[in-house]
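Here is how names work: the chains are called A, B, and so on, in the same order as the sequence lines, proteins then strands, and each is numbered from 1.
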Amino acid sequence: MTLRVYNTLSGEKELFEPVIPGKVGIYLCGPTVYKPAHIGHAVGPVIFDAIKRYLTYKGYQVTWVVNVTDVEDKLIAAARDAGKSVPELARELEQQYVECMSALGVRSIDIMPRASEHIAEIIAHIERLIARGAAYVVAGDVYFDVSRDEDYGKLTHRNPEEQFAGTREGLVQAAKRNPGDFALWKAAKPDEPAEVQYDSPWGRGRPGWHIECSAMAMKYLGQTFDIHGGGMDLKFPHHENEIAQAETDTCKPFAKYWLHNGLTRFNTKKISKSDPEFEKVMQSLQLTNLLATHSPELLRFLILQSHYRSPIDFSDQALAASKTALDSLYRLLERIQRASGADPYEVSILAEQVKDDGTHPAVAELLGTAIRLQVRFLEAMDDDFNTAGAIGVLFDFAGHVNRFLDATRLETNAVEPLRTALQGATGTFMMLARLLGLLIERPQKRGGDDGDAQKLMDLFIEVRKMAREAKQFQLADVIRDRLAELGFVLEDGQDGTRWRRA
RNA sequence: GGCCGGAUACCCAAGCGGUCCAAGGGGACGGAUUGCAAAUCCGUUAUUCGCGGGUUCGAAUCCCGCUCCGGCCUCCA
């Protein structure tokens with residue numbers, strides 16, 4: 001099976017072939033730490049975490065870099081507003097970001113370089129561009145000369161002349177030679193704090209936006225690396241300018257594949273800071289707030305349920321639908337636990353490793369299905385990381401296992417070969433789910449310790465059982481209904497009554 | 001205006017030239033099961049994929065035009 005990825009550069013799906021066989025370098029544009037992250041900021045990291053898991057599964061040695069831009073205009077302004085120093089605010093928001101990502105299961109980032117700690121690399125990069133005649137100094141500022149990059153605009157398929165022909169007079173900074181030129185280095189302004197002023201050959205100042213990414217990507221992944229990712233909104237100017245800087249500097253291709261994820265929308269609009277009426281919505285979409293009220297896995301599941309290039313419409317309805325779906329998977333795992341006598345989170349054998357002694361036809365059927373579905377899952381992932389299709393396969397899988405359990409009545413009547421087959425199918429199922437970063441850990445029990453609850457529920461169930469045996473169904477129903485109101489659901493099964501939290 | 005995407009059932013969402021009278025999820029409605037529920041299972045909910053042409057033996061999938069929607073062209077993941 002071969003992996004194909006959609007490359008923004010070519011506008012087509014291409015066969016994935018790493019620059020160095022067996023190794024993959026990924027650079028994802030991370031946060032500019034000037035405000036708390038919202039759900040949209042989680043999309044890229046979640047997708048790329050799944051991509052890294054998948055590539056690792058396929059045998060590649062993956063290095064994943066996510067930058068932190070901590071020297072920047074808005075950050076300086078935000079720190080001033082908050083009465084904090086720039087590094088203080090930046091570290092604070094960075095830590096919050098890392099914690100949110102970790103909660104979402106994104107723990108596979110290898111390097112998170114900070115722009116502020118790569119000033120030397122940035123300056124060297126700029127000096128090389130000046131030496132090549134592709135950048136020029138104006139009163140302490142340094143600009144990239146777009147006209148010196150022949151294929152400028154190739155990522156977003158823009159012709160720079162057309163592009164900037166219509167730029168209004170007022171917007172053209174006098175210092176720039178061409179309207180499309182952009183700052184590589186910005187001279188320090190008198191009112192800016194000292195901590196964002198760095199010495200440079202052109203005087204005190206700080207890097208422009210874009211340059212930190214090409215400098216750090218090349219430092220950690222080499223002059224040419226495999227995958228560069230980010231949100232669709234970064235294609236222009238950010239990524240276009242990174243390409244211009246890097247390729248003009250090295251005369252080599254920068255990133256081989258450019259992957260862009262869709263933007264998160266709310267009420268069919270992109271979440272944007274410049275939209276004041278969405279300020280309130282954004283507040284509720286802040287990751288820290290969302291994670292306080294929803295399970296991280298649910299958010300991850302929702303993100304992965306659509307293809308990464310599609311926009312995600314985030315809403316309470318979507319969240320609720322995803323929750324119902326995800327819960328059915330948790331219930332399946334509980335059912336498997338009961339039927340197989342093994343903890344599905346710990347099962348280590350795969351369907352393909354189970355030997356079928358031929359005594360039960362259901363064994364061959366289940367194992368065959370598991371292997372067939374595994375192939376379908378992997379095919380989906382091979383097709384530009386189609387996580388939505390892959391999740392669809394997971395639900396097909398769940399349906400098959402539920403049917404198997406219905407048919408064999410394994411929960412009440414243990415048959416060893418069937419149990420072993422179930423464990424194998426479960427192992428395969430879990431392995432696939434985990435390629436998406438799902439079902440890694442048991443869902444957190446709400447309300448913490450259920451020890452006391454367990455004792456009380458045992459009592460309720462016992463009393464209700466007596467009522468049912470005495471045909472006092474009204475009483476039995478009152479117990480069940482009132483418990484349901486309190487968030488405890490009772491389920492009567494063949495092997496007794498179980499309870500769970502709603 | 002230029003450049004990218006998108007338009008698939010009640011909602012969300014895969015599919016990207018035949019195996020599609022179109023996966024999966026949510027919802028709804030029937031049925032099995034249940035004392036009744038819940039959960040699970042079965043069935044129904046797109047002979048059709050924004051509209052109009054074209055290419056092809058064959059198109060949701062390719063090409064052209066049109067209509068809407070979103071993004072970018074200024075800060076944004």
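Contact annotation: A:Asn402 reaches the phosphate of B:C41 (side-chain N/O to OP1 or OP2, under 4.0 Å).
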Given protein heavy atoms under 4.0 Å, the one-letter contact record of nucleotides 5-19 of chain B, with B base, S sugar-phosphate only and - none, is simply S-------SSS----
5' to 3', nucleotides 27-39 of chain B under a 4.0 Å protein heavy-atom cut-off (B base, S sugar-phosphate only, - none) gives S-------BBBBS
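Atom CZ in A:Phe397 sits roughly 18 Å away from atom C1' in B:G25 (whole-Å rounding). What separates NE2 of A:His210 from C1' of B:C75 is a distance of 10 Å, to the nearest Å. Note: CG (A:Leu263) to C1' (B:C69) measures 15 Å, nearest angstrom. Straight-line distance from the CG atom of A:Asp316 to the C1' atom of B:G26: 15 Å, rounded to whole Å.
Under the side chain to side chain contact (heavy atoms under 4.5 Å, CB included) criterion, A:Asp458 pairs with A:Gln454, sequence neighbours left out. Considering only residues two or more places apart in sequence or on other chains, A:Asp110 meets the side chain to side chain donor-acceptor pair (under 3.5 Å) condition with A:Lys52. Applying the salt bridge (Lys or Arg N to Asp or Glu O under 4.0 Å) criterion to A:Arg331, with sequence neighbours excluded, gives no partner residue. A:Val489 is linked by a side chain to side chain contact (heavy atoms under 4.5 Å, CB included) to A:Glu491, A:Arg500, A:Ala502, counting only residues two or more places apart in sequence or in another chain. In this view, A:His41 and A:Lys35, A:Ala37, A:His38 satisfy the side chain to side chain contact (heavy atoms under 4.5 Å, CB included) rule, not counting sequence neighbours. Not counting sequence neighbours, the partners of A:Gln472 by the side chain to side chain contact (heavy atoms under 4.5 Å, CB included) test are A:Ala467, A:Ala470, A:Leu475. A:Tyr97 meets the side chain to side chain donor-acceptor pair (under 3.5 Å) test with no other residue; sequence neighbours excluded. Partners of A:Trp185 under the side chain to side chain donor-acceptor pair (under 3.5 Å) rule, at least two apart in sequence or in another chain, are A:Ser200.
Aromatic ring centres of A:His210 and A:His239 lie farther apart than the 6.0 Å criterion allows.
Relative to the side chain of A:Pro237, the nucleotides B:C41, B:C75, B:G71 differ in distance, and B:C75 lies closest. Ranking B:U40, B:A77, B:C75 by closeness to the A:Asp406 side chain, first place goes to B:U40.
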Dot-bracket assigned to RNA chain B with the 3.5 Å Watson-Crick/G-U criterion, [ ] for crossing and | for other-strand pairs, is ((((((((.[[[..)..(.....]]]((((((.......))))))....[[[[[..)....]]]]])))))))....
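A distance of about 16 Å separates the C1' atoms of B:A7 and B:G52, rounded to the whole Å.
Across all strands, A:Gly44 comes closer than 4.0 Å to no nucleic acid atom at all (heavy-atom distances). Residue contacts shown for A:Gly153 are absent, as no nucleic acid heavy atom lies under 4.0 Å away.
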Just list the side-chain donor-acceptor pairs under 3.5 Å for residues 401-410 of chain A, sequence neighbours left out, or say none.
unit_1   : atom_1 : unit_2   : atom_2 : d
A:Asn402 : OD1    : A:Arg335 : NH1    : 2.7
A:Asn402 : ND2    : A:Ala398 : O      : 3.4
A:Asp406 : OD1    : A:Arg335 : NH1    : 3.4
A:Asp406 : OD1    : A:Arg335 : NH2    : 2.5
A:Thr408 : OG1    : A:Phe404 : O      : 2.8
A:Thr408 : OG1    : A:Leu410 : N      : 3.4

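The side chain to side chain contact (heavy atoms under 4.5 Å, CB included) with A:Leu432 is formed by just one residue from the set A:Val393, A:Leu439, A:Leu394; it is A:Leu394.
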